[in-house]
S.K.: 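Take this structure, written in structure tokens, and hold onto it; I'll ask about it next.
These numbers were taken from a predicted model, which means no experiment stands behind them. All ligand and atom numbering here is 1-based and tracks the order in the structure.
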Amino acid sequence: MENHFQHVHIKPHAAQMDSLTITRPDDLHLHLRDGAMLAAVLPHTARQFGRAMVMPNLKPPVTTTAQALAYRQRIMAALPEGAAFEPLMALYLTDNTPADEIRRAHESGRVQAVKLYPAGATTHSDAGVTDLKHCTKALEAMQEVGLPLLVHGEVTDASVDIFDREKIFIDQVLEPVRRAFPALKVVFEHITTQEAADYVRDAEAAPGMLGATITAHHLLYNRNALFQKGLRPHYYCLPVLKREQHRLALIKAATSGNPRFFLGTDSAPHPKGAKEHDCGCAGCYTALHALELYAQVFDGVGALAQLEGFASVHGATFYGLERNPGTVTLRREPWTLPSELTAGEHTLVPLGAGEIIEWRLS
Ligand SMILES: NC(=O)N[C@@H](CC(=O)O)C(=O)O
Ligand SMILES: [Zn+2]
Ligand SMILES: [Zn+2]
């Protein structure tokens, strides 16, 4: 059982389902990168998902509508022939984002969100926001035109323990910004703690005003995965994996049917050499097998019936989008995940490399 997603407790259920067909899903938090990496990873996402919210933390970051539209064109050009996939674009918020840029983004019809990276919080966040007080005009404009704020929800204060950064972000940043801008739509991205799940579930918010994405890796693993018989860089992401108690709270949230919770893989490709390094990059590569990983989790708690809402309905509704046309089918058909993949001149190691996964996309 060693290499077999041992953290998911399989519940016996009355009628075992061996196949599941759902509306084509959306990945509402995704890193596609650029150039050869984009070309290598995009087909994995386009095979499964109808749309994805593409993160703007390129180097340099996507801070203007013009840059977002140009990036969108590069993504469209990298799509495999005949793929029906639509990238949803996000702007990277900085201390200097003018309100006019927000209006241009909205008017383009192609930019669906604005992303807050607290400066220094994660990969390519150095150009991020040092203090939200610099962003008042931009946030007012977002509130006015209805562009959601997506947050990497961690404080960066060096005195705050890395495992507490998300919990403290709720009180220090998230709740104050939601109070100051009551008509701002907010997505708490890649939540990792019980506190975040409880906050999103319980906060007072009209329908469509507050959401959260949950990754497959935070549903599958607790922080022990980082230290399983040695240091495991491919399980290192931000926010970092947490205790089992938190993983269980996330599973509860994701499988609850609550429309505030939806799928966002945070698939974040980094070349193998940049992960297996003395200062390894944060990010797990899950685009290859994203939907299958989520199916594994939902099946593990007997909640496959909730997968379609989480993966294909709640996120689309939040963003005011129609559901995707078409369906995807998953079958119970165990297969072994590849130990690595070629991505142009680079190698990628997918999450759970070498492990057996129960579900397979047809
Ligand atoms: N999640 C990660 O660990 N890394 C992401 C950035 C992010 O989403 O915070 C990346 O771009 O590599
Ligand atoms: Zn992030
Ligand atoms: Zn991310």
Side-chain angles (χ1 to χ4, degrees), residues 26-35 37-38 40-42 45 49 52-62 71 87-93 113-129 148-156 162-163 165-167 169-170 173-174 186-193 196 211-221 223 225-226 232-242 250 262-277 279-287 290 293 315 343 346 348-351:
D26 295 311
D27 181 354
L28 291 164
H29 182 130
L30 176 67
H31 300 271
L32 286 174
R33 316 300 192 204
D34 214 338
M37 186 66 94
L38 165 64
V41 301
L42 180 59
T45 290
F49 296 97
M53 181 62 72
V54 181
M55 291 298 126
N57 62 333
L58 302 182
K59 268 210 125 115
V62 179
Y71 183 30
L88 309 172
M89 307 308 291
L91 279 197
Y92 185 116
L93 187 67
V114 179
K115 181 70 191 269
L116 164 63
Y117 289 102
T122 188
T123 307
H124 300 165
S125 62
D126 354 318
V129 172
L149 177 71
L150 316 185
V151 302
H152 178 107
E154 290 191 288
V155 295
T156 55
I162 191 161
F163 292 100
R165 289 180 176 189
E166 180 176 281
K167 175 174 77 187
F169 181 90
I170 298 171
V173 184
L174 186 56
V186 175
V187 183
F188 198 169
E189 297 289 335
H190 49 39
I191 60 168
T192 64
T193 56
T213 53
I214 306 180
T215 76
H217 43 287
H218 290 103
L219 293 170
L220 281 163
Y221 300 100
R223 65 192 194 179
L226 283 160
R232 302 285 189 152
H234 298 291
Y235 295 85
Y236 174 57
C237 66
L238 288 170
V240 72
L241 294 171
K242 303 295 193 300
L250 297 176
F262 42 85
L263 187 157
T265 62
D266 194 19
S267 176
H270 292 278
K272 184 178 181 197
K275 296 281 300 169
E276 299 173 5
H277 193 270
C279 185
C281 293
C284 297
Y285 187 63
T286 55
L293 293 171
H346 297 300
L348 287 175
V349 177
L351 183 85

S.K.: Report the C-alpha distance between K242 and T193 in whole Å, list the side-chain angles of each, state the deciding distance to 0.1 Å, and finish with yes or no for side chain to side chain donor-acceptor pair (under 3.5 Å).
M.R.: CA-CA 7 Å; K242 303 295 193 300; T193 56; over 6 Å; no
S.K.: With heavy atoms under 4.0 Å as the rule, classify the contact between M55 and ligand 1 as side chain, backbone, both or neither.
M.R.: neither
S.K.: Please determine if the Zn ion (ligand 3) has an N/O/S atom from H152 lying under 2.8 Å away.
M.R.: no
S.K.: Just going by heavy-atom distances, which of T123, L30, T122, V240 is nearest to atom 7 (C) of ligand 1?
M.R.: T122
S.K.: Measuring to the Zn ion (ligand 3), does E189 have an N/O/S atom at a distance below 2.8 Å?
M.R.: no
S.K.: Starting from atom 4 (N) of ligand 1, find the nearest protein heavy-atom neighbour and note its residue, name and distance.
M.R.: A282 O, 3.1 Å
S.K.: Who's closest to atom 8 (O) of ligand 1 heavy-atom-wise, of D266, T265, T215?
M.R.: D266
S.K.: Looking only at protein heavy atoms, which one is nearest to atom 5 (C) of ligand 1, and what is the separation?
M.R.: H31 NE2, 3.6 Å
S.K.: Any N/O of L238 closer than 3.5 Å to an N/O of ligand 1?
M.R.: yes
S.K.: Name whichever N, O or S atom of D266 ends up nearest to the Zn ion (ligand 3).
M.R.: OD1
S.K.: Using a 4.0 Å heavy-atom threshold (strictly under), name the region of H270 that reaches ligand 1: side chain, backbone, both or neither.
M.R.: side chain
S.K.: Ignoring hydrogens and geometry beyond distance, is a side-chain donor-acceptor pair present between H346 and H270 at under 3.5 Å?
M.R.: no
S.K.: Is the contact between E189 and ligand 1 made by the side chain, the backbone, both, or neither, using heavy atoms and a 4.0 Å cut-off?
M.R.: neither
S.K.: For the Zn ion (ligand 3), decide whether H190 has an N, O or S atom at a distance under 2.8 Å.
M.R.: no
S.K.: Within H29, is some N, O or S atom less than 2.8 Å away from the Zn ion (ligand 2)?
M.R.: no
S.K.: Could you name the option among H152, H124, H217, R33 that has the heavy atom nearest to atom 10 (C) of ligand 1?
M.R.: R33
